[in-house]
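To start, the structure itself, in structure tokens.
We name chains A, B, ... by the order of the sequence lines, and we start the count at 1 in each one. All heavy atoms count here, side chains included; hydrogens, waters and symmetry mates do not.
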2 protein chains.
Amino acid sequence: MGVIDRKRVAARRAVTPAPLPLDTILRGDCIAAMKALPAASIDCIFADPPYNLQLGGDLNRPDGSHVDAVTNDWDKFDSFATYDRFTRAWLKEARRILKPDGTIWVIGSYHNIFRVGAAVQDLGFWILNDIVWRKANPMPNFRGTRFTNAHETLIWASMGEKARYTFNYRSLKTLNDELQMRSDWEFPICGGPERLKQDGVKVHPTQKPEALLYRILLASTQPGDVVLDPFFGTGTTGAVARRLGRRYIGIEREDAYVAAAEARIAAALPLDESLLVTMQAPRNAPRVSFGTLVENNIVAPGTLLTDAKRRWQAVVRADGSLACNGSEGSIHKLGATLQGAPSCNGWTFWHHQQGDALSPIDTLRQTWLLATQP
Amino acid sequence: MGVIDRKRVAARRAVTPAPLPLDTILRGDCIAAMKALPAASIDCIFADPPYNLQLGGDLNRPDGSHVDAVTNDWDKFDSFATYDRFTRAWLKEARRILKPDGTIWVIGSYHNIFRVGAAVQDLGFWILNDIVWRKANPMPNFRGTRFTNAHETLIWASMGEKARYTFNYRSLKTLNDELQMRSDWEFPICGGPERLKQDGVKVHPTQKPEALLYRILLASTQPGDVVLDPFFGTGTTGAVARRLGRRYIGIEREDAYVAAAEARIAAALPLDESLLVTMQAPRNAPRVSFGTLVENNIVAPGTLLTDAKRRWQAVVRADGSLACNGSEGSIHKLGATLQGAPSCNGWTFWHHQQGDALSPIDTLRQTWLLATQP
DNA sequence: ATGAATTCTGAATCTAGGG
DNA sequence: TCCCTAGATTCAGAATTCA
């Protein structure tokens, strides 16, 4: 449970097993290929499995054997069961190779996403969000028989309820003009120069836009992390991973897709490392205690602090504790006590006189950090 | 498979069985109550079952106030297996009492919707659409640990692949300014005078907005059709059905909810036709973040931006943040920091080289809007 | 009375680290 | 594993209070 900080990220990267086939495309069946990868070795998985049950050619049984051509007459229950077996088989392997603090993304439509989501939960993953990709330019419903199918759904899950995971909250908030990123994302469908074509014909029927993978990888991975895509197709995941300084492993069965993906990724330009520095959460800054400021006489014992509305006034004591009206405690504890609140961030609650105005003591901490950090 | 025309609708209404308890609320367990209804007698079902939220401890806002969460007993289930049994039991009864050309709607969140969707498919329903309700004003993620959970999902299904169903395509297109209605709908959450309160406290923790039911009933029922809601709550379905000239049957266990629903429905007035026109919301221009331009490579990471007088030069980073002389932040924040101003419109402050001249980055946003908007 | 400012609240699987 | 403490964290709209 919780978001991973940088120290921990560095520690876990150091133990990444050596034999991973980094930045390559493994040709073949995704379940067999995943079986050959070491356990707990992957930071993030993005999976775009086949959507439509009637595309029988895309289905394999858990043992790897091919499912014979599905006709229009196939029995409905049987086909759902077949799809479920396939889904649970590849998800199980995905779970085996993910690190304990890794996450998995799966994209789908109403044809398959409910089955995928139930399987994700049944296998012990813990859903963090479902994300809606709103298509800016979806294909209309030509016959006027339903609502325009204008979105697809992504599921984002960690390894379990208590598992840690990476979520670059500050980066995403910055990306969204200082508003929390929501669970509904709008992107155009993949077209224009980005859409891979061969002799004027699109190479892959469901090529995903790079903007979608850009947001996914920026949100849930760190530079250097290993991203696996078991349904690699024409390699959108690999191209974006390379641009963003992440390592990728792709798995793909069709030779034509592999060839297109390799050319495409080779042409993708990695961003300069300095550009991959993103906004960091304050929790990743070194911790400074209030006592440090007192010890260094940034705040002298005897200084009077008040809240923003001057309802309470407390005196700083020699050990960095505060005292007010017979109550005492740390900057946090006393703030909580006085307000009758369960908790309180003392850094922003307590203020000191700064000329005519009041200034939160957090500014003193920032000054101290700037002065002491290299 | 297909949309029902009016003649066929008239024919099927003629054989509606007599003993239906129309426009009443049945008090009790939804499965038992449905068992007492005749088979193939209902035109449409709207179901808002418990979501099985599985909340942890208490949650406080950053200002210390407490979040009033859904802690009701009716939302507690032992396990996924228990929830699945409950779901399949009520869906099975729903299927029995629906007419062959009826449809069912179920709303849920990522906690339960995948299980519901899989059950819907397993029981032989045919999913017509999944619909996303985008909340205009969702509760934020206070801890910064995930994406803001800003939507809920609806499943709309017919009785089978070949089943007929009602879809008022023209009505919905008119409602949507002569554009096909899409699968993503935006409404505010239920609040204001519409939200039922008793002594200042909300009567029901999850009251749905009437606008949502309005669109559902307008899309998938005809005047006079019978709409069943097995989780009636405070009767949003009944109130809207009455306004739109549909008949309703509600099922609800909690006496307090039943009483509130009865009073509410009695006060609901059939809607004047002129009001239908005014209920169309104007489509406001979508907000575009600077990050959108970066994600879509309109502005590449590494691009240099300056202010109009070239006093400062900043580099665009991968998450859409800017960096300049050791300062960093969003286009707005960094502009404010450099100028020592409290705020700054980054769109007009920052410029990029355009031939020999400088051009504000707002022009890039305008170009993007023109290219992506219909 | 009117507008500005402040407060309140909504289906939420909502922390991290050390002892 | 439990307990304790530090301290990081929110958006839109409606309701209410204040000037």
Atom pair distance, as rounded to whole Å: [atom1] in [X] and [atom2] in [N]:
X        : N      : atom1 : atom2 : answer
B/Leu53  : C/dG10 : CG    : P     : 14 Å
A/Trp156 : C/dT13 : CH2   : P     : 12 Å
B/Asp68  : D/dT10 : CG    : P     : 21 Å
B/Glu152 : C/dA12 : CD    : C1'   : 11 Å
B/Ile113 : C/dT13 : CD1   : P     : 15 Å
B/Phe77  : C/dT13 : CZ    : P     : 17 Å
A/Leu172 : C/dC14 : CG    : P     : 19 Å
B/Phe142 : C/dC8  : CZ    : P     : 14 Å

Does this structure show an ion pair linking [X] with [Y], if we count only N-O contacts that are shorter than 4.0 Å?
X        : Y        : result
B/Arg115 : A/Asp122 : yes
B/Asp63  : B/Arg61  : no
B/Glu210 : B/Arg264 : yes
B/Lys76  : B/Asp73  : no

(Q) Just so I know, are the side chains of B/Lys135 and B/His151 near enough to count as touching, which here means a heavy-atom distance under 4.5 Å? (A)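 The answer is no; the side chains never approach within 4.5 Å.
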Q. Is there side-chain contact between A/Asp184 and B/Val132, with at least one heavy-atom pair below 4.5 Å?
A.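 No, every pair of side-chain atoms sits at 4.5 Å or beyond.
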Determine the contact category for [X]: base if any of its heavy atoms lies under 4.0 Å from a base atom, sugar-phosphate if only primed atoms, P, OP1 or OP2 are that close, otherwise nothing.
X        : result
B/Ser109 : nothing
A/Asp362 : nothing
B/Pro49  : base
B/Ala69  : base
B/Gly192 : sugar-phosphate
A/Trp126 : base
B/Val201 : nothing
B/Pro188 : nothing
A/Arg182 : nothing
A/Asn345 : base
A/Leu128 : nothing
B/Gly108 : nothing

Q. What is the pairing partner of C/dT9, taking Watson-Crick or G-U wobble pairs with both distances under 3.5 Å in any strand?
A.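 Across any shown strand, C/dT9 pairs with D/dA12.
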Q. Across all strands, who's sitting opposite C/dA16 as a Watson-Crick or G-U wobble pair, both distances under 3.5 Å?
A.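 Result: D/dT5.
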Does a side-chain N or O from [X] land closer than 4.0 Å to OP1 or OP2 of [N], or not?
X        : N      : result
B/Asn149 : C/dT13 : yes
B/Lys202 : C/dT9  : no
A/Lys333 : D/dG7  : no
A/Tyr169 : D/dT10 : yes
B/Thr148 : D/dT10 : no
A/His332 : D/dA6  : no
B/Arg115 : C/dT13 : no

Using only heavy-atom distances, decide whether a donor-acceptor pair under 3.5 angstrom links the side-chain of [X] to the base of [N].
X        : N      : value
B/Lys208 : C/dA11 : yes
B/Arg146 : C/dT13 : yes
B/Arg61  : C/dG10 : yes

Nucleotide of [options] approaching [X] most closely (side-chain heavy atoms):
X        : options                : answer
B/Arg195 : C/dA16, D/dT9, C/dA11  : C/dA11
B/Pro140 : C/dG10, C/dA11, C/dA12 : C/dG10
B/Phe80  : C/dG10, D/dA8, C/dT13  : C/dT13
B/Arg143 : C/dA12, D/dT9, D/dA15  : D/dT9
B/Tyr110 : D/dC11, C/dA12, D/dA15 : C/dA12
B/Leu55  : D/dT10, D/dA12, C/dA12 : C/dA12
A/Leu179 : D/dA12, C/dA11, D/dT10 : D/dA12

Between [N] and [M], how far apart are the two [atom1] atoms, rounded to whole Å?
N      : M      : atom1 : result
C/dT13 : D/dC4  : P     : 28 Å
D/dC18 : C/dA1  : C1'   : 14 Å
C/dC14 : D/dG7  : P     : 23 Å
C/dA11 : D/dA14 : P     : 14 Å
D/dT10 : C/dT7  : C1'   : 14 Å

Under 3.5 Å side-chain donor-acceptor pair for [X] and [Y]:
X        : Y        : answer
B/His111 : B/Ser109 : yes
A/Ser321 : A/Arg317 : yes
A/Ser289 : A/Thr292 : yes

Q: Return the 5'-most residue of the pair A/Lys309, B/Asp75 with respect to DNA chain C, ranking by each residue's nearest nucleotide.
A: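 It is A/Lys309 whose nearest nucleotide is closer to the 5' end.
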Q) Since syn is defined as within 90° of 0, does C/dT13 count as syn or as anti? A)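 Nucleotide C/dT13 adopts syn.
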Q) Of A/Arg365 and B/Met139, whose closest DNA chain D nucleotide lies nearer the 5' terminus? A)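 Per heavy-atom nearest nucleotide, the more 5' residue is A/Arg365.
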**Q.** Residue whose nearest DNA chain D nucleotide is more 5′ - B/Pro193 or A/Arg170
**A.**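 By nearest-heavy-atom nucleotide position, the 5'-most residue is A/Arg170.
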(Q) Angle between ring planes, B/Phe114 versus A/Phe114, binned at 30° and 60°: parallel, tilted or perpendicular? (A)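 Correct class here is tilted.
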